[in-house]
Amino acid sequence: MSKYTLTINQKKQTVDVDSGTPLLWVLRDSLNLTGTKYGCGEGICGSCVVHIDGKAERSCILDVEDVVGNSITTIEGLADKPDHPIFKTWIELEVMQCGYCQPGQIMTLATLLEQNPKPSRKEIDDAMNEVLCRCGTYQRIRKAVAKLVEEK
Amino acid sequence: MKNYDIERHVRGESQFVDDISYPKGLLYAAVCYSDQAHGEIINIDISDVEQVKGIKLILTAKDIPGENQIGGIVPDEELLAEYKVEFIGQPIAIVVADDQLTAKKAARKIKVDIKDLPIITDARKAYEAGKLIVPPRTFNLGNVDDCWKKCDYIIQGTVESGGQEHLYLETQGAFAYPVEGRGIKIISSTQAPTAVQRVTARILNLAMHKIEVDVPRIGGGFGGKEDQATAWAVICALAAYKTKYPVKLILSRQEDMRATGKRHPYTSDFKIGLNKKKKIIGYEVTFYQNAGAAADLSPAILERTLFHCTNSYYIPNVKATAYSCKTNLPPNTAFRGFGGPQGMFVIESAMYKAAEKMGIDTSEIQNANLIKENDEFPYGQKAENCNALITWKRAEAKYSIKKTKDDIKKFNDKNDMYKKGIAFIPICFGISFTNTSMNQASALVHVYTDGSVSVSTAAVEMGQGVNEKIRQIATETLSINIDRIKTETTNTTRIANTSPTAASSAADLNGKATEQACNNILERLKKSAAEILNLKAVKNIEIKNEIVYHNGKRTKLSWNELVKQTNLKRVNLSSHSFYATPNIYFDREKEKGNPFAYHVYGTAIIEVTVDCLRGIYKFDSVKVVHDFGKSFNPIIDRGQAEGAIVQGLGWMTIEEVMHDENARLLTDSLSTYKVPDMHFTPEIEIEFLKNVENPMGIFKSKAIGEPPFMYGIGGYFAIMNALKAFRPNADFKISSPITPEKVLLNLHSKIDEPVTA
């Protein structure tokens, strides 16, 4: 076990874990930030997406020692702004079904819109294609993103 | 009216099993699985593991205090294999340790000596070897044997349909802890809390009242957590019972994929006969269901295959036989549609092949045979309030089908390497558990003295929006603000003897029970209001928008005041109510009856473009007219339909479950098993069939979870239609999923020699 100091949601937090522990489990088990979900453990499904210095990254394949010194934002950090337009639109259009993948969807979209406030339909599909939803809410995600873009 | 959970979901605040804070002293369980598909257990050696630091306990079959049996319909499945293993991924031993990694490492170090026995993975081979899970079933209508001479065309063939991984994004898991009096409380990600309770009681040799099961919500189920959530919950309970500490087990994705069953693959033979007027005269079909190594829910799924073997069509002479074949794969299980899709795929294939032989469009045969009012299904029930033809006609008109077909023809004439295809797919799905006794539910409604309301039912929220529907039912029945109503977790101490949340029926059954419970309280409140207002008669009193009205006139009595005063008058503000679907029965001796409360109908038109050089395809559109009954939550219902369609298309096209010759799953991760993603998802347009009220459904609506899944079958035939445009004379095999690889083989291999039409 080693101590690592991480900057999570703009707060410095020190955790005592084995080197090589994926960030996902540090967030969930050590820091009780359970909004970030485990889905596949191989960086494919996207349920575990967090922001590392503003970029969407998969926390299940990031070792804890590799994110020391970076600014990490989780869904809980995004939720500090309760009126975030994504939340408002997601709630309005009732995008989600079981909800499990949705923190990953929302975190992925947040960086897309940050970098590209007016993405085209193809750019939306390309970015959101990286996050799986087994309930199949894709069509509604598409509509919600289009609405968000339109309102910008 | 918003999905109750959404506000918490978007912020990552809603809790799934693995998100709950656990009590002190939590231990972790890990499972030692069989890595051989069939064999006798000679020895289980735990000596390398016992002394490892952090290991608390190792459990094998002999440590089970009660009966080592988790089978539901048939008692044929051990929790922990004792003498014999029958599939790769079968649990043999449990390791309990201070942390997850220690437990997992130790579970892998347990040495199990297994003497190999022959492996069967193919349903037909199992059938030939006489390995059946239950005796075969046959449904008969008319007289098939005599009907063939009346046919102008007779077509025979074989149809294969593949399995499907549930891939709920929340993997299987549970957590259990000891409670006072040697009892156990379990938090489980299950669609069937009572199954978990019953099996835990059996394994621990305890009364069911000692076991409490609570389900907060689940991160997707799709049937995969109906029967197969049980083992993991029971493992936690057994470990918690033995160690007297809380124990958690959450499967990794790979463990989950390897150890749990999937949608049943089927292989089937059909014979279909038609006359020159395109009427189907006879249909004979034999289904071989690949059940895997234990019964699980296979017998019930097999039955539903038979119920839906003629899909949305009336066929006067039918003989359908189904065999549930035992193989050395993990027990296959419930998956949205529950055997219905497999049955429907075969009749659709038969019609496709018949159309090919007759040189006409499949849709002409489909249209000519749609079931009408009072036509008889092969199981004896008559079609009532039948909307098959009306959805078909509406779809044809609304989606300008003539023009679409012309456009496709023009496109195909112009393009050599890209071909478009189109298919119609009507659906008809019966609503009710086909096991009549399961069509029951209860609700417990409390009105608290501050006017807030709590509702418990047997329904498990898994994304289908049942909690929101239940809240709507309570808010409309009591005529109070929806913010006053909270749906509780699903818990066996509040609601006993629950039927699983399955068969699309949770909103109907639990909703009706909730409506009754609310009405019971409402009647008491009205009586109380009459007394408070010094009125003699109760009958002219009503509550509207939280205010008591008398003879249509507003009084000063508000909901809050009424509730408070009613409580002071010592009147019961709680109600437990029970609902059982009326007028349904099924006689399994005769294979006839009235098993369904009602049927759901609809028609979809699916278009696809196939890249004939690369074998890849893209669905251009799915256009639907669906019979939702009188939907009381169109947003939820539309979402369910969209999601089911995507999942159905996935099953038919890109999702391929593969095993090697040793029955080892090759597609055991998301890098080897592909599910629909954003790029895969076409534009889905859905029209709600108008002016339809369903007298048997809650608030006159219709169940929605499963029926639209079967629109996905149209995806298969749209692709076939495109392949036909590229290679008009080829006699393509019917084998789903039609992956891009199979598309290429169909288009360019010499296996399918052109046949003369």
Side-chain angles (χ1 to χ4, degrees), chain A residues 18 21 25 28-29 32-47 74-76 78-80 82 84 86-107 124-142, chain B residues 1-3 5-16 18-21 100-101 166-171 217-222 250 252-254 461-465 468 635-636 638-640 642-650 669-671 675-684:
Chain A
D18 288 328
T21 303
W25 299 110
R28 290 184 55 84
D29 292 348
N32 203 28
L33 292 167
T34 55
T36 308
K37 307 295 184 198
Y38 166 78
C40 69
E42 50 180 346
I44 293 176
C45 76
S47 290
T74 68
I75 187 74
E76 290 88 351
L78 205 68
D80 283 345
H84 196 290
I86 299 181
F87 294 165
K88 278 172 71 180
T89 308
W90 242 241
I91 292 167
E92 193 188 326
L93 297 192
E94 290 195 39
V95 168
M96 53 192 56
Q97 292 182 23
C98 86
Y100 194 85
C101 72
Q102 298 288 336
Q105 306 279 3
I106 290 169
M107 293 303 279
I124 295 167
D125 275 17
D126 285 348
M128 300 311 289
N129 195 56
E130 305 298 313
V131 192
L132 296 177
C133 169
R134 190 50 156 164
C135 300
T137 61
Y138 302 116
Q139 170 140 319
R140 215 161 264 185
I141 291 173
R142 233 179 235 152
Chain B
M1 228 162 286
K2 297 299 168 200
N3 182 332
D5 281 341
I6 282 200
E7 298 217 7
R8 289 192 292 279
H9 280 328
V10 291
R11 298 183 167 84
E13 289 166 4
S14 42
Q15 292 197 321
F16 297 87
D18 197 27
D19 300 337
I20 296 167
S21 305
Q100 198 173 18
L101 204 60
H166 298 85
L167 220 105
Y168 27 67
L169 275 166
E170 179 209 27
T171 56
R217 65 169 57 70
I218 69 178
F222 314 115
I250 307 287
S252 73
R253 176 61 60 193
Q254 196 175 51
E461 176 58 52
M462 50 191 183
Q464 84 282 46
E468 188 53 27
I635 296 180
I636 286 177
R638 185 184 290 276
Q640 283 295 297
E642 288 173 358
I645 288 167
V646 170
Q647 216 170 49
L649 287 172
S669 69
L670 270 167
S671 51
V675 292
D677 52 20
M678 184 67 96
H679 282 316
F680 176 87
T681 303
E683 283 301 317
I684 301 170

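Not measured: the values here are computed from a predicted model.
Contact annotation for B:E170: both backbone and side-chain heavy atoms come within less than 4.5 Å of a heavy atom of chain A. Looking at B:I20, there are no atoms closer than 4.5 Å to chain A (heavy atoms on both sides), in backbone or side chain.
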CA sep, side-chain torsions, deciding dist, call: B:V10, A:M96, side-chain contact (heavy atoms from CB on, under 4.5 Å) = CA-CA 9 Å; B:V10 291; A:M96 53 192 56; 3.6 Å; yes
Decide side-chain contact (heavy atoms from CB on, under 4.5 Å) for A:Q97 and B:M462; before the verdict, give the C-alpha distance in whole Å, the side-chain angles of both, and the deciding distance to 0.1 Å.
-> CA-CA 8 Å; A:Q97 292 182 23; B:M462 50 191 183; over 6 Å; no
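Closest heavy-atom contact between B:I6 and A:E94: CD1-CA, 3.3 Å. Summarising the geometry of B:L670 relative to A:L132, their closest heavy-atom pair is CD2-CD1, 3.7 Å, with the distance given to 0.1 Å. Of all non-hydrogen atoms in A:R140 and B:E642, the two that sit nearest each other are NE-OE1, 4.1 Å. In this structure, B:D18 and A:R28 approach most closely via the heavy-atom pair O-NH2, 3.0 Å.
Taking the side chain as every heavy atom from C-beta outward, A:C98 and B:L169 never approach each other to under 4.5 Å.
Side-chain atoms of A:N129 come within 3.5 Å of backbone atoms of B:M678 as a donor-acceptor pair (strictly under, hydrogens ignored). Checking side-chain atoms of B:R253 against main-chain N and O of A:G41 turns up no donor-acceptor pair under 3.5 Å.
With sequence neighbours excluded, the residues forming a side-chain contact (heavy atoms from CB on, under 4.5 Å) with B:S669 are A:E42, B:S671, B:T672, listed by chain and number. Taking A:H84 as the reference, A:F87 meet the ring-ring contact (aromatic ring centres under 6.0 Å, His included) condition, with sequence neighbours excluded.
Comparing B:G639, B:S14, B:S21, B:G220 by how many heavy-atom pairs each has under 4.5 Å with chain A, the most go to B:G639.
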